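FYI, the numbering just counts along the sequence from 1. Remember, predicted model here, so these are calculated numbers, not experimental data.
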Amino acid sequence: MPSAHSPTRRTGLTVLSAFVLVIGFLFAFPQSGFAADPKPSPSAHTPAIAKPVPEKPVGVPENTNPVTYHGGPVQDAPQVYVVWWGNQWSSGNNDPKNELFLQADFLDDLYGAGDNWSTSATQYCSGIATGSKDCSHAATFVGHPAASPRVGQWDDESAAAPQTPGVNDFANEAIKAAQYFGVSGTNAQIIIDTPPGVVPVGFKTQYCAWHSETDLPDGGQITFTNFPYMTDAGDGCGANNVAVGSTGVNASTEGVTIVGGHEYGETLTDPGVGSGWTDNTGGTGETADKCAWTSMGIVSLNSHKYAVQPLWSNNANSSAGGCVKYYNSPTDQG
C-alpha cells in the first residue's frame, strides 16, 4: 500500500486492503431520502451545493429562520467510518493532493476541548415535540466525542469505482461497507471517498458532496456521505476560498475540510436526512446549508489549522440565531 494512501501520521491507524482497525464507534447507516417518508428508495439527498455566482452579500446566511426538530434521531455518540472506494486508489499517483491525509487529520481533531467548532451541534437533541426550536426539556443531545470520531477505515479495492456513480451506486457501496464494518444505526456514518478523476453524477455542477440514508438488508439503516475528490472541482468546491496567511493551510485543498465539515455537521444533527434539525426551507435548510459559503475562515482544532465554514446556531445572538465558527457555551460563541 503506498504510503500516501494510508493516513497514519498522527493517529497510528494503519490500513491494509480488506482490513479495518476499529478504535471506537461511528455514524449510522445511510437512508435514502429527505423529509416526509422516512425510508424512501435512495433518490434524494442534502447536498453541499457547488459554489454559485454570488446572489447575496458575502457572509450573509441564506435566511435567519431557526432550525426546528422534525421528530427523528440525532447522533449522541457519533462514529465515522471512511471507505476508499475503488481500485483506482492504488494506480499511479493515487492521491496527488494528499486529500486522504487531510481528511483523516481533520476528522481526528473533531473531539474534546481542542474542538470548539463542531460543538454548536451539542445544543440540538431528540425526543422533544416536533417543531421545537430549543432543547430545554430534552434528555438526548448531540454528542461531542472525547476521542477521534474516525474509528474505522476500509480500502475497498474489490473492483473499480464507477466513472460516474449515481445515488444508488453510493447506497449499494454504503450497504457493502456497513456489512464489512458490522455497523448500523443512528450513530454510524460512512464516508465514501471516490478517487481522482471519478465524477459522481452532479459533482462540480450541482453539488460538492451530499449525505443520505439507506435501508440495510437486515432491516436496519445506515447514513452515508458521497465525498468526491474535492480538488477536482477547484474553486467551485472550496479551493482558494479562505486567505491562509502563515497558518500552513494549503489553499488548494481548503474544500476538503470546508465541504467535509459541512457534511459532518449536518449528519450530527440530521442523520435521518430531514427527520432531525432543519428549517422550513426543506432540503437546503440543515445547520450547514444555512451558512454555506459564508464567513469562512481558519480555525484551530487540537492545535492544527483547518479551513471551515460556520454552522447555524439557534441560540446565537440571544436566541435570534446565527452562523458561528466557535461555540464554547450559549453565551460564548461567534
Atom pairs and distances, side-chain donor-acceptor, residues 253-261, under 3.5 Å, sequence neighbours left out:
unit_1 : atom_1 : unit_2 : atom_2 : d
T253   : OG1    : N250   : O      : 3.3
E254   : OE1    : N241   : N      : 2.8
E254   : OE1    : V242   : N      : 2.7
T257   : OG1    : E254   : O      : 3.2
T257   : OG1    : A307   : O      : 2.6

Selection residues 109-169 - residue pairs positive for disulfide bond (SG atoms under 2.5 Å apart), sequence neighbours left out: C125-C135

Residue pairs passing the disulfide bond (SG atoms under 2.5 Å apart) test where at least one lies in residues 303-334, sequence neighbours excluded: C291-C323

Parallel, tilted or perpendicular: rings of W210 and Y207 (30°, 60°): perpendicular

Parallel, tilted or perpendicular, as decided by the 30° and 60° cut-offs, for the rings of F106 and Y306: perpendicular

May I ask whether [X] and [Y] are part of the same hydrophobic cluster, defined by side-chain heavy atoms of I, L, V, M, F, W, Y residues being less than 4.5 angstrom apart, directly or through others?
X	Y	value
Y327	V308	no
L216	I192	yes
L100	F181	yes

Smallest separation among heavy atoms of [X] and [Y], with atom names:
X	Y	answer
Y111	A146	CD1-O, 3.2 Å
I128	A138	CG2-CB, 3.6 Å
Y124	T287	CE1-CG2, 4.0 Å
T186	V74	CG2-O, 3.1 Å
Y264	P145	OH-CG, 4.0 Å
I190	A174	CD1-O, 3.6 Å

Could you pull out all residues at least two apart from [X] that satisfy side chain to side chain donor-acceptor pair (under 3.5 Å)?
X	answer
Q333	S313, N315
Y229	D95
W277	none

T64 vs W312, side chain to side chain contact (heavy atoms under 4.5 Å, CB included): CA-CA, chis, key distance, verdict: CA-CA 9 Å; T64 58; W312 180 263; 4.2 Å; yes

Quick check against the 3.5 Å criterion: does [X] have a side-chain atom that pairs as donor or acceptor with the backbone of [Y]?
X	Y	value
Y326	D332	no
K290	N65	yes
Q163	G197	yes
Q123	P330	no
E266	E263	no
S90	N87	no
D76	N187	no
K325	M296	no
Q88	A161	yes

Can you list every pair that meets salt bridge (Lys or Arg N to Asp or Glu O under 4.0 Å) and has a residue in [range], with sequence neighbours left out?
range	result
residues 167-181	D156-K176
residues 179-191	none
residues 291-302	none

Spacing of [atom1] belonging to [X] relative to [atom2] belonging to [Y], to within rounding of 0.5 Å:
X	Y	atom1	atom2	value
N314	S319	CG	OG	8.0 Å
N168	I175	CG	CD1	9.0 Å
S212	N226	OG	CG	10.0 Å
C208	M230	SG	CE	6.0 Å

Only counting residues at least two apart or in another chain, list the ones meeting side-chain contact (heavy atoms from CB on, under 4.5 Å) with [X].
X	result
T247	V244, V249, I298, K305
T68	H70, K133
T194	W85, F170, V198, P200, P228

Side chain proximity check, [X] to [Y], heavy atoms < 4.5 angstrom:
X	Y	answer
V142	T269	yes
D155	W84	yes
F227	V82	no

CA sep, side-chain torsions, deciding dist, call: E99, T231, side-chain hydrogen bond (donor to acceptor under 3.5 Å, both in side chains): CA-CA 8 Å; E99 288 195 21; T231 53; 2.6 Å; yes

The single option from T119, T122, D115 passing side-chain hydrogen bond (donor to acceptor under 3.5 Å, both in side chains) against H144: D115

The single option from L311, D109, V324 passing side-chain contact (heavy atoms from CB on, under 4.5 Å) against W117: L311

